[in-house]
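A short worksheet on the structure shown next.
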2 protein chains.
Amino acid sequence: MQDNINNKTVQHPHNHQGCMQHALQAAEQICGAKGMRLTAIRKRILELICASHKAIGAYELLDLFKLEDPKAKPVTIYRALDFLMEAGLAHKIESLNAFIGCLQAETPHKSAILICDNCKNAYEIDATAVYESLFTLSDSMQFKPQCLTLELHGLCVSCS
Amino acid sequence: MQDNINNKTVQHPHNHQGCMQHALQAAEQICGAKGMRLTAIRKRILELICASHKAIGAYELLDLFKLEDPKAKPVTIYRALDFLMEAGLAHKIESLNAFIGCLQAETPHKSAILICDNCKNAYEIDATAVYESLFTLSDSMQFKPQCLTLELHGLCVSCS
DNA sequence: GCTAAAGTGTAATATTATAACATTCCATTT
DNA sequence: AAATGGAATGTTATAATATTACACTTTAGC
Ligand SMILES: [Zn+2]
Ligand SMILES: [Zn+2]
Ligand SMILES: [Zn+2]
Ligand SMILES: [Zn+2]
């Protein structure tokens, strides 16, 4: 299963080049298919996000981006982030005000994010069963679900 | 079951005085029991939060608080919010940067927050089963859970 | 009353995010 | 190739959210 492959990969030391390449290739493919334009700026921001599995803040991204384009402004970053999230290529972690790249953007997925408060790595995992459980509950209250924020803080296996 | 009572209460027109009184009494009781000081400022902020079931932002609270204390500053609100959250009397909704009062602070609970994007009401519901489902998953990844953000946006029964 | 800790006042600042409008780029049509 | 219209970017300013630092006051325990 794709999710498990991804989950395993990020739980252990791994060849991170693979993660990056996968994310970038998926981005090209998805944007091509949807007629969305993965411009140089957007691609570069995605690369910067995917450079590690740590969630990264918009202003951290700005600092990095400024190394190449010293005149860059916050709105450039936020516009790229909006695009990437719209395309499903990145996710915002609300409890951190920070962003991660999506490792399974090519597949529709219902995910939770596990955030290690020690090493700061954030891993998206398949949480279909969790969604079903919650939707059953919300259905029973006649609540129509639209969008779920599901972020679990704790300690990853390497840090506990 | 307490949770169901609360869940029903907030899903329909209800005597909101009851919600407020319950929250305030629980606050007194909890703080008394734990040796925490529910000072005038903190109590007032809690009242302002509990005035409705809509999530309220820190600066909205500040505006309201200023009606009584025009010199009040943001830090006063944030300090009160920190205290109330520490005491379990209020919760932050990360996806809104806003706050709600807890209606079952006297009981340990594993809750999700249902947020209606139309009327803006936010209801805390018991989600023990959802937690179990997620913890099973995180256990399988040897992740030690500490703190869960579980916020479901959508439309409540009155708004759909 | 003395003391230490907690709470509050006050000012400044940090961090996160958006609005408004001008300009440029780029695919499509002519 | 030129015109055109929409998307993307540049530029400036500002809004919205949150914290730090330090002085002063209140409170509870001794
Ligand atoms: Zn990797
Ligand atoms: Zn870790
Ligand atoms: Zn009520
Ligand atoms: Zn609660």
Side-chain angles (χ1 to χ4, degrees), chain A residues 27-28 30-46 48-49 54-66 68-87 89-100 120 122 149 151, chain B residues 27-28 30-46 48-49 54-66 68-87 89-100 120 122 149 151:
Chain A
E28 300 278 12
I30 287 162
C31 291
K34 293 188 186 171
M36 302 178 84
R37 290 168 53 190
L38 188 63
T39 63
I41 291 175
R42 291 162 174 177
K43 187 173 175 180
R44 184 63 187 133
I45 300 297
L46 181 58
L48 291 173
I49 294 172
K54 298 187 202 309
I56 186 168
Y59 282 78
E60 288 178 87
L61 284 169
L62 178 59
D63 289 342
L64 295 173
F65 191 74
K66 273 185 170 171
E68 295 142 25
D69 180 355
K71 288 191 259 183
K73 302 285 184 289
V75 71
T76 298
I77 307 300
Y78 282 104
R79 287 201 277 226
L81 287 170
D82 285 347
F83 172 87
L84 294 172
M85 290 190 292
E86 182 70 22
L89 301 172
H91 300 299
K92 180 174 184 180
I93 301 182
E94 296 288 352
S95 55
L96 293 176
N97 294 320
F99 303 85
I100 57 171
K120 310 300 181 190
T149 299
E151 301 169 4
Chain B
E28 299 278 10
I30 287 161
C31 290
K34 292 188 187 169
M36 302 179 85
R37 289 168 54 193
L38 187 64
T39 63
I41 292 175
R42 292 164 175 176
K43 187 173 175 181
R44 184 64 187 134
I45 300 297
L46 181 58
L48 292 173
I49 294 172
K54 298 187 200 311
I56 186 168
Y59 281 75
E60 288 177 87
L61 284 170
L62 178 59
D63 288 342
L64 294 174
F65 192 73
K66 272 184 170 171
E68 296 144 22
D69 179 355
K71 288 190 258 185
K73 303 283 184 290
V75 70
T76 298
I77 307 300
Y78 282 104
R79 288 202 277 225
L81 287 170
D82 285 346
F83 172 87
L84 294 171
M85 289 190 292
E86 180 71 22
L89 302 171
H91 300 299
K92 180 174 185 179
I93 301 182
E94 297 287 351
S95 56
L96 293 177
N97 294 319
F99 303 86
I100 56 171
K120 311 301 181 191
T149 298
E151 301 169 4

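Numbered from 1 within each chain, the chains take letters A, B, ... in sequence-line order. A quick note: this is a predicted structure, and the numbers were derived from the prediction, not measured.
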### Query
Quick one: CG on B/Leu46 to CZ on B/Phe83, what's the gap to the nearest 0.5 Å?
9.5 Å
### B/Lys71 backbone acceptor or donor facing B/Lys73 side chain under 3.5 Å
yes
### Task
Kindly say whether, by distance alone, the side chain of B/Tyr59 makes a donor-acceptor pair under 3.5 Å with the base of D/dA18?
yes
### Task
Verify the contact: side-chain N or O of A/Asn97 to OP1 or OP2 of C/dT15, cut-off strictly under 4.0 Å; return yes or no.
no
#### Entry: Value rounded to 0.5 Å, distance of CG in A/Leu64 from CZ in A/Arg44
8.0 Å
### Task
Take the protein atom CG of A/Asp63 and the nucleotide atom P of C/dT15, then report the distance between them rounded to whole Å.
10 Å
### Summary
Ranking B/Thr76 and A/Gly57 by the position along DNA chain C of their nearest nucleotide, the one closer to 5' is B/Thr76
### Query
What is the distance from CG of B/Leu62 to P of C/dT10, rounded to the nearest Å?
14 Å
### Message
Measure CG/B/Leu96 against P/C/dT16 and give the value in whole Å, please.
### Response
18 Å
### Query
For B/Arg79 and B/Phe99, take the nucleotide of DNA chain D holding the closest heavy atom to each; which residue's nucleotide lies nearer the 5' end?
B/Phe99
### Query
Any donor-acceptor pair under 3.5 Å joining the side chain of B/Arg42 to the base of C/dG7?
no
### Query
Could you give the NZ-to-C1' distance, from B/Lys71 to D/dT25, as a whole number of Å?
15 Å
### Task
Rounded to the nearest angstrom, tell me the gap between atom CD in A/Glu68 and atom C1' in D/dT9.
17 Å
### Query
Between B/Lys92 and D/dA18, is there a side-chain N or O to OP1/OP2 distance below 4.0 Å?
yes
### Query
Nearest-Å distance, CG (B/Leu81) to C1' (C/dG7)?
16 Å
#### Entry: Nucleotide C/dA19, atom C1' - distance to NZ of A/Lys73 in whole Å
16 Å
### Query
According to a strict under-4.0 Å criterion, is A/Tyr78 in side-chain N/O contact with OP1 or OP2 of C/dT18?
no
### Query
Do B/Glu151 and B/Ser95 meet the criterion of a side-chain donor-acceptor pair at a distance under 3.5 Å?
yes
### Query
Does A/Arg37 make a side-chain donor-acceptor contact with the base of D/dG6, cut-off 3.5 Å?
no
### Residue mapping more 5' on DNA chain C - nearest nucleotide basis, B/Ile41 or B/Pro74
B/Ile41
### Side chain of B/Ala58 - closest among C/dT18, C/dA17, D/dA18
D/dA18
### Query
Atom CG of A/Leu81 and atom OG1 of A/Thr76: how far apart are they, to the nearest 0.5 Å?
10.5 Å
#### Entry: Separation of atom CD in B/Glu60 from atom P in D/dA15, rounded to whole Å
17 Å
